[in-house]
Amino acid sequence: MLPTARPHAGALSRRRRSVDFPGEVIFNCGVSGRDRPDAGMEGDGQRPDPVAPPGQPQGEHLQLLLRRSREAKNCAYCPYSRFPVGAALLTAGGEIFSGCNVENACYSLGVCAERTAIQKAISEGHTSFRAMAITSDMGDHFIVPCGACRQVMREFGTDWDIYLTKADGTYIVKRLEELLPLSFGPEDLSKA
Ligand code: THU
């Protein structure tokens, strides 16, 4: 098990190696009837997955976060790219805010799903986040956030988990610190 690939209780048993991310372990989040009674068990159904780190979503909470990102994707307004994306953001208090990409005829005004979700949460008074799940229609690749979204996420800390999924529901998980190393944040403004 690599340090960056932490299985979460509720992650199902089918594990493969990723082509996009060599060495990465892929988890199956249970799309289209893959949920099984031995959810949370290793491949032989006998050994429980290691428990997720404290504060991180696990089990059915993680399933809900992943589902909310898939549902948000259905609302994507993307007539120009035809590339729908959904995101679901878990606050420290346990609420979920979802978002989709919203494009515009003036192309540069389009907003990514991740930033839509963050702006919804911030505008409702939430500034502390635990995790985000991101979903697209890509079957062979995990969706990854663009650089602008990584920087907007980083505004709210580096210590949270980003679930990157494929259309079949499999996912890998990355710390924001991994997605945006050596980042610039609010604390840096007072260092000059
Ligand atoms: N997009 C997202 O919403 N999130 C991502 O992680 C990658 C890209 C959107 C932006 C644009 O509407 C479309 O996907 C194609 O780039």
Side-chain angles (χ1 to χ4, degrees), residues 4-6 8 11 18-22 24-31 56-57 62-91 95-124 126-185:
T4 56
R6 296 181 311 285
H8 293 230
S18 167
V19 175
D20 288 336
F21 298 84
E24 194 70 74
V25 176
I26 304 171
F27 299 102
N28 190 333
C29 82
V31 172
Q56 298 308 331
L62 176 56
Q63 301 307 311
L64 177 61
L65 189 70
L66 294 162
R67 179 158 58 80
R68 289 287 300 276
S69 76
R70 290 196 298 274
E71 290 171 353
K73 177 172 64 65
N74 295 331
C75 296
Y77 178 76
C78 54
Y80 308 107
S81 71
R82 299 191 185 284
F83 189 88
V85 182
L89 178 62
L90 179 66
T91 70
E95 287 187 60
I96 295 175
F97 289 84
S98 64
C100 60
N101 49 337
V102 183
E103 298 183 348
N104 192 279
C106 180
Y107 293 170
S108 62
L109 296 183
V111 181
C112 293
E114 296 90 325
R115 274 176 286 161
T116 301
I118 290 173
Q119 287 168 2
K120 284 173 67 177
I122 296 293
S123 59
E124 296 283 331
H126 302 271
T127 55
S128 184
F129 306 123
R130 284 158 55 184
M132 177 182 277
I134 312 170
T135 301
S136 82
D137 284 340
M138 289 191 291
D140 296 331
H141 302 277
F142 297 101
I143 182 71
V144 288
C146 75
C149 286
R150 294 178 198 207
Q151 181 64 32
V152 170
M153 293 172 187
R154 190 265 172 265
E155 181 72 13
F156 306 100
T158 57
D159 190 27
W160 41 303
D161 281 347
I162 314 298
Y163 291 83
L164 312 171
T165 74
K166 286 184 186 175
D168 66 0
T170 53
Y171 66 86
I172 57 174
V173 57
K174 296 283 183 184
R175 302 297 284 175
L176 187 50
E177 177 74 42
E178 295 176 81
L179 294 178
L180 192 66
L182 296 176
S183 64
F184 183 84

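We count ligands from 1, going down the list as the structure has it; atoms in each ligand are counted the same way.
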> Which atoms of ligand 1 are found less than 4.0 Å from any heavy atom of Val144?
Replying inline: 6 (O)
> Of the protein's non-hydrogen atoms, which lies at the shortest distance from atom 3 (O) of ligand 1, and what is that distance?
Replying inline: Ala113 N, 2.9 Å
> At what distance is the nearest protein heavy atom to atom 1 (N) of ligand 1, and which residue and atom is it?
Replying inline: Val85 CG2, 3.7 Å
> Is Ser81 touching ligand 1 with its side chain, its backbone, both, or neither, if touching means heavy atoms under 4.0 Å apart?
Replying inline: side chain
> Under 6.0 Å from the six-membered ring centre of Phe97 and within 45° of its axis: does the NZ or CZ of Lys120 meet both?
Replying inline: no
> With a 4.0 Å cut-off, would you call Glu71 and Arg67 a salt bridge?
Replying inline: yes
> For ligand 1, is Thr116 a contact, meaning one of its heavy atoms is under 4.0 Å away?
Replying inline: no
> With a cut-off of 6.0 Å (strictly less than), are more than 12 heavy atoms of other residues, nucleotides or ligands near CG of Asn74?
Replying inline: yes
> Considering only heavy atoms of Glu103, which atoms of ligand 1 have at least one such atom less than 4.0 Å away?
Replying inline: 11 (C), 12 (O), 13 (C)
>> Could you check whether any side-chain N or O of Glu103 sits under 3.5 Å from a backbone N or O of Ser81, counting only pairs where one atom can act as donor and the other as acceptor?
In response: yes
>> Between ligand 1 and Pro145, can you find any atom pair, the residue atom being a heavy atom, that is separated by under 4.0 Å?
In response: yes
> What do you think, any protein heavy atom under 4.0 angstrom from atom 6 (O) of ligand 1?
Replying inline: yes
>> Taking Glu24 first and then Lys174, would you say they form a salt bridge - that is, a charged N and a carboxylate O separated by under 4.0 Å?
In response: yes
> Pick one: which of Asp161, Thr91, Leu90 meets side chain to side chain contact (heavy atoms under 4.5 Å, CB included) with Arg130?
Replying inline: Leu90
> Does the separation of the ring centres of Tyr80 and Tyr107 fall below 6.0 angstrom?
Replying inline: yes
> Under the 3.5 angstrom rule, does the side chain of Arg150 hit a backbone N or O of Leu176 as a donor-acceptor pair?
Replying inline: no
> Taking only heavy atoms of Glu114, which atoms of ligand 1 are found under 4.0 Å from at least one of them?
Replying inline: 2 (C), 3 (O), 4 (N), 5 (C), 6 (O)
> How far is atom 9 (C) of ligand 1 from its nearest protein heavy atom, and which residue and atom name does that atom have?
Replying inline: Asn101 ND2, 3.4 Å
> Which residue holds the protein heavy atom closest to atom 10 (C) of ligand 1, what is that atom called, and what is the gap in Å?
Replying inline: Cys112 SG, 3.8 Å
